[in-house]
Amino acid sequence: MKNQSILYTLVLLLVSGPGATAAVEYEGYTNPAGDAFPIAIYDNVAISSPAGVQILSDAEQKAYFDTIRMAGFNVELWGKEDIWRKGPINKWGPYLKSLGMNTIISTRGYSLTRSRIPYDANTPDSILLQPNWNGLRTVISNYSQDPNVWGYWACDEPGMINLHKPVYELNPYDVAVIPTFNRIHRFRGDKIAYANMAVSYDQSYIGNFATDNPDNSDAENYKNYLDHMVDALDLKFLTFDLYQVIHNENSYGAGSGWVIKPFYYNSMDLYGRYCRDRKIPVWLVMLSVEHSNYYPDGKLEWEYPEISEGFLRMQAMNGLAFGMKGIVYWEYGAQNKMSGNTLYKSALYDINKMATTPAWAAARSVNNVVAQYGACLQNATYDRSCIAVKDSVNRYDGFEELSGSFHGINLIDHSGYAVLLSHLTSDDREYVAIVNQDHLKSQRITLALPQNLKYERVMLHYTADPNSVSLIDKDLSKQETFTLGPGAMILFSRTNK
């Protein structure tokens with residue numbers, strides 16, 4: 001299994017050549033995937049049983065990690081086991097590193113929370129924030145010098161409501177976000193601590209930023225919230241989750257079926273520009289677990305799609321098109337089991353059978369494409385995008401629609417309901433990405449390509465020869481028709497010198 005993994009990963013290597021550009025540097029950030037485009041997996045599959053007994057033999061556990069690497073993942077986001085004791089990561093971190101995978105640890109379970117201890121004027125925060133005050137320090141200090149650990153996922157979806165409350169005013173079990181980050185920054189050494197953001201324009205999440213500037217758009221209000229969070233938490237890197245397609249008839253009407261969330265494109269554009277303008281690397285968290293939510297009476301409230309190749313591909317290709325600097329799959333394993341009102345049906349790995357699912361093969365196929373296109377685009381900067389629409393189902397909240405040519409390329413026709421067109425630039429090249437916005441159906445696009453601009457198509461290859469990555473087809477005619485599979489992208493490049 002390990003030899004197969006090493007052979008497969010050759011196709012994921014970034015090489016210098018057509019489309020490769022000089023690395024972009026960000027303050028306080030290093031790429032955990034080295035020179036490759038980061039493709040991370042949130043690994044939630046336990047190594048040991050609740051009784052502390054290792055579930056798989058050492059050989060089987062190695063094969064498990066080999067399989068993750070073989071799917072094209074190059075960053076392990078560790079979301080399991082007891083991280084207070086260093087044993088599991090000490091044991092398996094070096095093996096992951098030998099496969100070419102740095103580890104990010106989810107420390108969210110050690111966030112500082114308000115205890116039930118009564119407050120008086122002489123009670124310090126270190127007492128009010130028990131029991132994790134010392135535990136968080138231990139966890140962060142455990143790995144601050146570990147060469148196999150890159151950083152910490154410290155917080156998920158922090159909102160404004162309690163952000164600046166004094167600790168004594170918090171309700172029991174409320175997370176004290178700023179004290180948590182302050183304590184992590186104190187002991188993290190050169191590791192990176194980050195937060196994962198939700199995309200919500202509601203006042204319940206972004207607080208007064210939703211109302212302070214009545215003339216602002218929702219996106220402008222959210223950008224102000226984001227600026228505040230980055231400064232308050234001293235973030236040098238962040239991720240965000242925005243799951244594109246949903247079935248939610250309560251929100252979108254009876255019979256609406258699968259709908260692209262109307263705020264999706266404006267929000268992706270916002271994060272692309274944020275990465276560019278604030279010079280903070282941003283990763284997109286993709287959905288890789290099929291799940292649905294139910295009312296107490298058992299009636300469906302909402303659901304996300306089956307994890308198909310088209311669904312993964314559309315999420316990943318849009319992430320590249322909007323200039324994201326990495327992607328994270330959330331999450332690796334599922335048990336077809338309820339958690340509260342939510343059924344987590346299936347993912348890339350079946351925890352009950354301890355075996356991969358068809359979604360694993362879909363992810364491997366998608367990650368091969370991400371690695372190759374990412375070799376071109378990871379050092380490119382997002383500029384702008386628009387959408388070409390033949391659609392009466394989805395709503396796009398005023399996102400720019402295609403009018404005329406797009407950076408010299410004319411979209412003559414497309415057979416599906418929508419395609420995304422995006423423009424990115426690097427130090428010596430510019431790129432136009434065109435992405436099918438249907439995760440279920442292919443569509444044909446006909447393009448008029450200006451001969452004077454000398455666009456070239458970035459080709460994809462599926463061999464184990466790293467020298468075949470990112471070759472360029474220079475033999476494009478003036479007008480060509482291409483077929484884009486579900487969620488697929490076609491990428492054009494030209495020199496800008």
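The figures that follow rest on heavy atoms only: side chains count, while hydrogens, waters and symmetry mates do not.
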Item to check | Flag side-chain contact, heavy atom, 4.5 Å: M197 against Y222 | outcome: yes

Item to check | Proximity of F37 and Y373 rings by center, below 6.0 Å | outcome: no

Checklist entry - Under 6.0 Å from the CH2 atom of W302, do we count more than 12 heavy atoms belonging to anything else shown? => result yes

Checklist entry - Is there a side-chain contact between V167 and Y119, using heavy atoms and a 4.5 Å cut-off? => result no

Checklist entry - Just wondering, do V175 and T113 contact through their side chains at under 4.5 Å, heavy atoms? => result yes

Anything under 3.5 Å between a donor and an acceptor, one on a side chain of residues 122-130, the other on a protein residue two or more places apart or in another chain? List them.
from: T123; atom 1: OG1; to: D120; atom 2: N; distance (Å): 3.2
from: T123; atom 1: OG1; to: D120; atom 2: O; distance (Å): 3.3
from: T123; atom 1: OG1; to: D120; atom 2: OD1; distance (Å): 3.1
from: Q130; atom 1: NE2; to: S126; atom 2: O; distance (Å): 3.1

Checklist entry - How far apart are the C-alpha atoms of L491 and L377, what are their side-chain angles, what is the distance that settles it, and do they pass the side-chain contact (heavy atoms from CB on, under 4.5 Å) test? => result CA-CA 10 Å; L491 182 64; L377 297 177; 4.2 Å; yes

Item to check | Residue pair K165 / L170: nearest heavy atoms and the distance that separates them | outcome: CB-CD2, 3.9 Å

Checklist entry - Do D146 and T103 touch side chain to side chain, with heavy atoms closer than 4.5 Å? => result no

Item to check | Lys/Arg N to Asp/Glu carboxylate O, R278 vs D231, below 4.0 Å | outcome: yes

Checklist outcome for this item: Note: L424 and A321 closest approach over all heavy atoms is CD1-O, 3.7 Å

Checklist entry - Under the side-chain contact (heavy atoms from CB on, under 4.5 Å) criterion, do V45 and M354 qualify, and how do the steps go? => result CA-CA 9 Å; V45 180; M354 296 299 280; 4.3 Å; yes

Checklist entry - Do we see a donor-acceptor contact under 3.5 Å between the side chains of Y274 and D227? => result yes

Item to check | Residue K345 excluded, over 12 heavy atoms near NZ under 6.0 Å | outcome: no

Checklist entry - Quick one: do D82 and R85 make a salt bridge, cutoff under 4.0 Å? => result yes

Next on the checklist: Between S346 and E290, do the side chains contain a donor N or O and an acceptor N or O under 3.5 Å apart?
Outcome noted: yes

Next on the checklist: Are W150 and F237 an aromatic pair, judged by ring center distance below 6.0 Å?
Outcome noted: yes

Item to check | Donor-acceptor contact present, side-chain S288 to main-chain W330, <3.5 Å | outcome: yes

Checklist entry - How long is the span from the NE2 atom in H439 to the CD atom in E306, to the nearest 0.5 Å? => result 9.0 Å

Next on the checklist: If you count every heavy atom of other residues, nucleotides or ligands that lies below 6.0 Å from Y295 atom OH, does the total exceed 12?
Outcome noted: yes

Item to check | Steps toward side-chain contact (heavy atoms from CB on, under 4.5 Å) verdict (I41, V328) | outcome: CA-CA 6 Å; I41 180 68; V328 183; over 6 Å; no

Checklist entry - Would Q437 and Y264 count as having a side-chain donor-acceptor pair, cut-off 3.5 Å? => result no

Item to check | Any donor-acceptor N/O pair, E220 side chain to S217 backbone, under 3.5 Å | outcome: yes

Item to check | Side-chain donor/acceptor of Y110 to backbone N/O of I83, under 3.5 Å | outcome: no

Checklist entry - Taking C-beta and beyond as the side chain, do R313 and S365 meet within less than 4.5 Å on heavy atoms? => result yes

Checklist entry - Judged by atom type as modelled, is there a donor-acceptor pair below 3.5 Å linking the side chain of K390 to the main-chain atoms of H414? => result yes

Item to check | For the student: nearest non-hydrogen atoms of A36 and N74, plus distance | outcome: CB-ND2, 4.0 Å

Checklist entry - Under the side chain to side chain donor-acceptor pair (under 3.5 Å) criterion, do Q443 and D438 qualify, and how do the steps go? => result CA-CA 8 Å; Q443 65 172 305; D438 192 327; over 6 Å; no

Item to check | Any donor-acceptor pair under 3.5 Å from N148 side chain to K97 backbone | outcome: no

Checklist outcome for this item: Heavy atoms of P158 and V177 approach each other most closely as CB-CG1, 4.2 Å

Checklist entry - Is there side-chain contact between C155 and F181, with heavy atoms separated by less than 4.5 Å? => result yes

Next on the checklist: Which residue in the set F65, Y332, Y344, Y329 passes ring pair (Phe, Tyr, Trp, His ring centres under 6.0 Å) when paired with Y349?
Outcome noted: Y332

Next on the checklist: If you define the side chain from C-beta out and look only at heavy atoms, does anything of V259 sit under 4.5 Å from N248?
Outcome noted: no

Checklist entry - Within the distance-only criterion (no hydrogens, no angle test), does the side chain of Q315 pair as donor or acceptor with the backbone N or O of L287 below 3.5 angstrom? => result yes

Next on the checklist: Tell me the closest heavy-atom pair linking S426 and A380, and the distance in Å.
Outcome noted: CB-CA, 4.2 Å

Checklist entry - Between atom CD1 of I184 and atom CZ of R137, what is the distance when rounded to the nearest 0.5 Å? => result 14.0 Å

Next on the checklist: Check whether S106 reaches the backbone of W78 with its side chain - one donor and one acceptor, N or O, closer than 3.5 Å.
Outcome noted: no

Checklist entry - In Å, rounded to the nearest 0.5 Å, how long is the span from CG of N132 to CH2 of W84? => result 11.5 Å

Checklist entry - Backbone N or O of A488 within a donor-acceptor pair of the N436 side chain at under 3.5 Å? => result no

Item to check | Between CG on residue L136 and CZ on residue R183, distance to nearest 0.5 Å | outcome: 7.0 Å

Checklist entry - Rounded to the nearest 0.5 Å, how far apart are OG1 of T356 and CG of D350? => result 9.5 Å

Next on the checklist: Would the distance check show the side chain of N352 and the main-chain N or O of Q335 forming a donor-acceptor pair, the cut-off being under 3.5 Å?
Outcome noted: yes

Checklist entry - Looking just at side-chain N and O atoms, do T239 and N196 make a donor-acceptor pair shorter than 3.5 Å? => result yes

Next on the checklist: Walk me through whether L270 and V199 qualify under side-chain contact (heavy atoms from CB on, under 4.5 Å).
Outcome noted: CA-CA 10 Å; L270 183 153; V199 177; over 6 Å; no

Checklist entry - Can you tell me if N162 and E169 form a side-chain donor-acceptor pair at under 3.5 Å? => result no

Checklist entry - Would you say the side-chain atoms of D269 and Y382 include a donor-acceptor pair closer than 3.5 Å? => result yes

Item to check | Heavy-atom closest pair, residues N31 and P38 | outcome: OD1-CG, 3.1 Å

Checklist entry - Under 6.0 Å between ring centres, would you say that holds for W153 and Y42? => result yes

Next on the checklist: Any heavy-atom pair between the side chains of I104 and N102 that's under 4.5 Å?
Outcome noted: no

Checklist entry - Quick one: NE2 on H423 to CZ on F406, what's the gap to the nearest 0.5 Å? => result 7.0 Å

Next on the checklist: Main chain of F311, side chain of S308: is a donor-acceptor contact present, judged purely on distance under 3.5 Å?
Outcome noted: yes

